[in-house]
There are 2 protein chains.
Amino acid sequence: MSKLTIQNIADLAGVNKATVSRVLNGNKNISEKTRLKIEKIMKEHNYVPNSIARGLAFNKTFTVGFCFDYTDKKAFANPFFYKVLQGIEDVIYDNEYLLLMMSDHDKKGGKSTFERIVVEHRVDGLLLPDTLLNQANYELLIEHEMPFVIIGEHSLQQEGIRWVDVDNVQAAGILTERLLALGHRSIVMYAGAADGRRDKFIADRMEGYRAVMGQHGLEAHIVEQADSLATLRAFEGGEAGNNGHNPEAVICCTHELLFEMLDWEHGNPMLKEISLATFDDYPMFRHLKHPVHYVEIDLEMMGKQAAGLLFSLINKEANPAQSIRIPTSIVN
Amino acid sequence: MSKLTIQNIADLAGVNKATVSRVLNGNKNISEKTRLKIEKIMKEHNYVPNSIARGLAFNKTFTVGFCFDYTDKKAFANPFFYKVLQGIEDVIYDNEYLLLMMSDHDKKGGKSTFERIVVEHRVDGLLLPDTLLNQANYELLIEHEMPFVIIGEHSLQQEGIRWVDVDNVQAAGILTERLLALGHRSIVMYAGAADGRRDKFIADRMEGYRAVMGQHGLEAHIVEQADSLATLRAFEGGEAGNNGHNPEAVICCTHELLFEMLDWEHGNPMLKEISLATFDDYPMFRHLKHPVHYVEIDLEMMGKQAAGLLFSLINKEANPAQSIRIPTSIVN
DNA sequence: TTGAAAGCGCTAACAT
DNA sequence: ATGTTAGCGCTTTCAA
């Protein structure tokens with residue numbers, strides 16, 4: 001039974017519980033002799049301090065929250081999610097912390113889980129995807145002085161928001177370079193429609209693509225709406241005034257767009273002639289009907305950096321790192 | 001600032017903090033008048049009780065743990081994981097609980113996270129996959145009187161272990177029925193090699209398949225090891241003494257086996273003639289080079305049932321449900 | 001170096 | 001119906 005309290009140990013050792021507390025917290029003011037005696041007794045009885053009581057005294061939870069977004073399938077049902085998680089866990093466990101996970105479920109009438117966790121101070125800090133940092137959540141975090149780090153670059157314009165993200169400009173750049181190296185010249189980027197403001201990560205990918213195309217003296221063709229290969233071609237023809245041949249390569253800005261395209265073109269022989277490319281690996285790529293080029297992202301590193309940054313905020317370290325951009329590499 | 005304590009509210013209301021505590025906990029012994037007054041003050045000041053202090057007094061954490069297994073990709077990188085999770089969260093949040101997630105990371109030297117959480121009583125109950133319930137973990141849970149429910153049927157022989165699982169016997173049965181309905185007679189099950197003891201869920205799938213084949217007067221052909229379609233055929237020929245034609249349909253017991261097969265047979269025209277089937281949906285199935293039949297599982301329900309069962313254990317309800325088997329249905 | 005005592009914020013007898 | 005008081009298990013002054 002782990003019902004042992006610090007008082008029990010103190011009694012067994014014939015000392016005051018304050019003394020036991022001191023060995024628990026590595027206090028220097030204690031004789032080697034009594035420290036060893038107490039440690040021995042703690043081992044023998046498998047004593048484990050009650051972390052709740054500890055938390056109450058310290059006013060800490062020793063827990064970091066990780067909020068995820070069910071609606072963001074991309075970030076959840078694929079390796080993105082768990083590789084990042086693995087990185088996060090690594091550093092959290094190293095710090096003797098635990099991970100509280102939540103989705104941003106709205107509860108009918110009551111508070112959302114996110115709100116509850118912040119308001120009740122159930123965690124010492126929070127990691128959350130950019131998609132979940134809206135104005136309301138932001139204000140809540142600030143009001144309750146809850147340290148947080150965004151995973152994915154935030155689109156909110158507030159100063160002082162720390163985030164960790166893939167370097168999407170660079171990623172789009174090397175992806176474009178790769179397609180150029182394969183001999184392609186007519187490279188189209190399929191970006192998807194922007195409802196309202198364009199997502200930052202898409203905008204960055206567009207930028208990286210444009211830059212590299214420009215460097216090679218080629219024209220960038222970005223398609224927002226499409227529903228067939230023909231649409232991609234038509235756009236290109238209209239925009240650039242060339243004679244409307246098929247693109248040699250298409251960069252899809254998200255997996256969704258890629259799969260959408262594959263759905264349209266199922267069985268279309270023209271597809272075979274086209275190089276497809278996108279961002280982030282996906283374990284099923286090798287089983288697809290069509291090969292796909294993609295950039296590789298060190299997601300575990302991303303998780304580690306995010307958690308590390310969060311801890312430096314939690315511990316109020318002097319000069320916490322600024323926001324961090326993770327570079328990507330191309331697969332062969 | 002959420003620095004308000006119960007004492008502050010008591011002072012503002014001109015009552016004792018015990019009275020405030022009573023309205024917090026819905027105690028009946030309180031006049032409508034003072035209750036309303038206190039509630040008003042709490043609202044005005046956005047008072048939120050400190051859940052750690054609450055936990056200390058109640059000796060509860062108001063947190064349920066969910067342990068997952070990184071090594072089990074099947075249970076993690078696909079919808080299995082998050083649909084179950086969604087069900088779990090639903091009932092947890094309804095109960096005003098929170099979800100602590102962890103992987104069973106072994107820490108060099110120190111305790112694993114699992115161990116820490118159990119020993120430190122950081123949660124009131126635990127949900128964990130069968131793959132993680134080994135003898136050591138089981139004993140730890142019992143020793144610390146930690147309520148738990150297994151997701152997936154356990155293979156440990158201890159009595160009184162509660163679990164929630166898909167009815168794999170039934171699932172294999174209806175899958176086999178479906179293939180028979182398509183006119184196939186030569187149906188092979190590819191089960192994969194059993195290293196050590198055969199996983200329970202595979203054994204169940206084998207059983208369901210055998211039963212239905214038997215009912216139709218057909219011979220069951222279960223292949224454990226294979227590395228090509230030819231191997232499947234050779235086995236069939238050797239076993240049944242027929243002339244070694246290709247199977248008309250192959251049921252792969254896991255997604256891994258299915259993908260393995262697709263890898264072998266990439267570009268093999270024979271594959272086109274064969275119906276493939278497996279368990280659980282997978283969002284990429286429709287993009288595969290080859291159509292796949294599968295059974296549908298109400299995973300959200302599974303999560304809800306598991307969490308519900310756990311709560312009845314945590315709350316020491318009189319007659320907690322026994323282990324639960326979730327039926328599956330076939331997709332059309 | 002060690003002990004005594006107060007306090008973290010809340011609940012729960014026991015009084016009144 | 002409300003107040004008083006003693007914990008829950010730990011940390012942390014302040015004394016000794």
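In the text below, chain A, chain B and the rest are named by the order of the sequence lines, each starting its count at 1.
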Asker: From C-beta outward on B/Pro49, which listed nucleotide comes closest to its side chain: C/dC10, D/dT11, D/dA1?
Answerer: C/dC10
Asker: Relative to the 5' end of DNA chain D, which residue comes earlier, A/Ala57 or B/Arg35, by the nucleotide with the nearest heavy atom?
Answerer: B/Arg35
Asker: I want to verify a distance call: between D/dT11, C/dT11, C/dA13, whose nearest atom is closest to the A/Phe58 side chain?
Answerer: D/dT11
Asker: With the side chain of A/Thr5 defined as its heavy atoms from C-beta on, choose the nearest nucleotide among C/dT2, D/dG9, D/dT2.
Answerer: D/dG9
Asker: Measure from the side chain of A/Thr34, starting at C-beta and using heavy atoms only, and say which of C/dT2, C/dA4, D/dG9 lies closest.
Answerer: C/dT2
Asker: Can you tell me the distance, in whole Å, between the CG atom of A/Asp11 and the P atom of C/dA4?
Answerer: 11 Å
Asker: I want to check one thing: is the phosphate of D/dG3, taken as OP1 and OP2, less than 4.0 Å away from some side-chain N or O of B/Thr19?
Answerer: yes
Asker: In whole Å, I'd like the distance from the NZ atom of A/Lys17 to the P atom of C/dT2.
Answerer: 18 Å
Asker: Return no unless some side-chain N or O of A/Tyr47 is found under 4.0 Å from OP1 or OP2 of D/dG9.
Answerer: no
Asker: From CZ of A/Arg122 over to P of C/dC10, roughly how many Å is that when rounded to an integer?
Answerer: 13 Å
Asker: Tell me: CD1 of A/Ile52 to C1' of C/dT11, nearest whole Å?
Answerer: 14 Å
Asker: May I ask you to verify if any side-chain N or O of B/Asn29 is less than 4.0 angstrom from the OP1 or OP2 atom of D/dA1?
Answerer: yes
Asker: Can you check whether B/Glu153's main-chain N or O pairs, donor with acceptor, with B/Arg325's side chain at less than 3.5 Å?
Answerer: no
Asker: So does A/Val64 get a backbone contact from the side chain of A/Asp124, meaning a donor-acceptor N/O pair under 3.5 Å?
Answerer: no
Asker: Without swapping roles, check the side chain of A/Arg35 against the backbone of A/Gly26 for a donor-acceptor pair under 3.5 Å.
Answerer: no
Asker: Choosing from D/dG3, D/dC14, D/dC8, which nucleotide comes nearest the side chain of B/Arg22?
Answerer: D/dG3
Asker: Side chain of B/Ala18, heavy atoms from C-beta onward: which of C/dG9, D/dT11, C/dA12 has the nearest atom to it?
Answerer: C/dA12
Asker: CG of B/Leu310 to CD1 of B/Ile88: how many Å apart, nearest 0.5 Å?
Answerer: 9.5 Å
Asker: Select base, sugar-phosphate, or nothing to describe what A/Ile30 touches, counting heavy atoms under 4.0 Å on all strands.
Answerer: sugar-phosphate
Asker: Output yes when at least one side-chain N/O atom of A/Asn16 is less than 4.0 Å from OP1 or OP2 of C/dT2, else no.
Answerer: no
Asker: Hey, does A/Val15 reach any base, or is it just sugar-phosphate, or nothing, if we go heavy atoms under 4.0 Å?
Answerer: sugar-phosphate
Asker: Write down the distance between CG (A/Asn59) and C1' (C/dC10), rounded to a whole number of angstrom.
Answerer: 14 Å
Asker: Let's see if you can work this out: which of C/dT11, C/dG9, C/dA4 has an atom nearest to the side-chain heavy atoms of B/Ser21?
Answerer: C/dT11
Asker: Using a strict cut-off of less than 4.0 Å between a Lys/Arg side-chain nitrogen and an Asp/Glu carboxylate oxygen, indicate whether B/Glu39 and B/Lys43 qualify as a salt bridge.
Answerer: no
Asker: Compare side-chain N and O positions of B/Asn50 against OP1 and OP2 of C/dC10 and report whether any pair is under 4.0 Å apart.
Answerer: no
Asker: Using atom CD1 of A/Ile38 as one end and atom P of D/dC10 as the other, report the distance to the nearest whole Å.
Answerer: 13 Å
Asker: Roughly, in whole Å, what's the span from CD in A/Glu32 to C1' in C/dT2?
Answerer: 16 Å
Asker: Strictly below 4.0 Å: does B/Arg54 bring a side-chain N or O up to OP1 or OP2 of C/dT11?
Answerer: yes
Asker: Closer than 3.5 angstrom, by distance alone: can the side chain of A/Asn137 be matched with the main-chain N or O of A/Leu132 as a donor-acceptor pair?
Answerer: yes
Asker: Round to a whole Å and report the spacing from CD1 of A/Ile6 to C1' of C/dC8.
Answerer: 15 Å
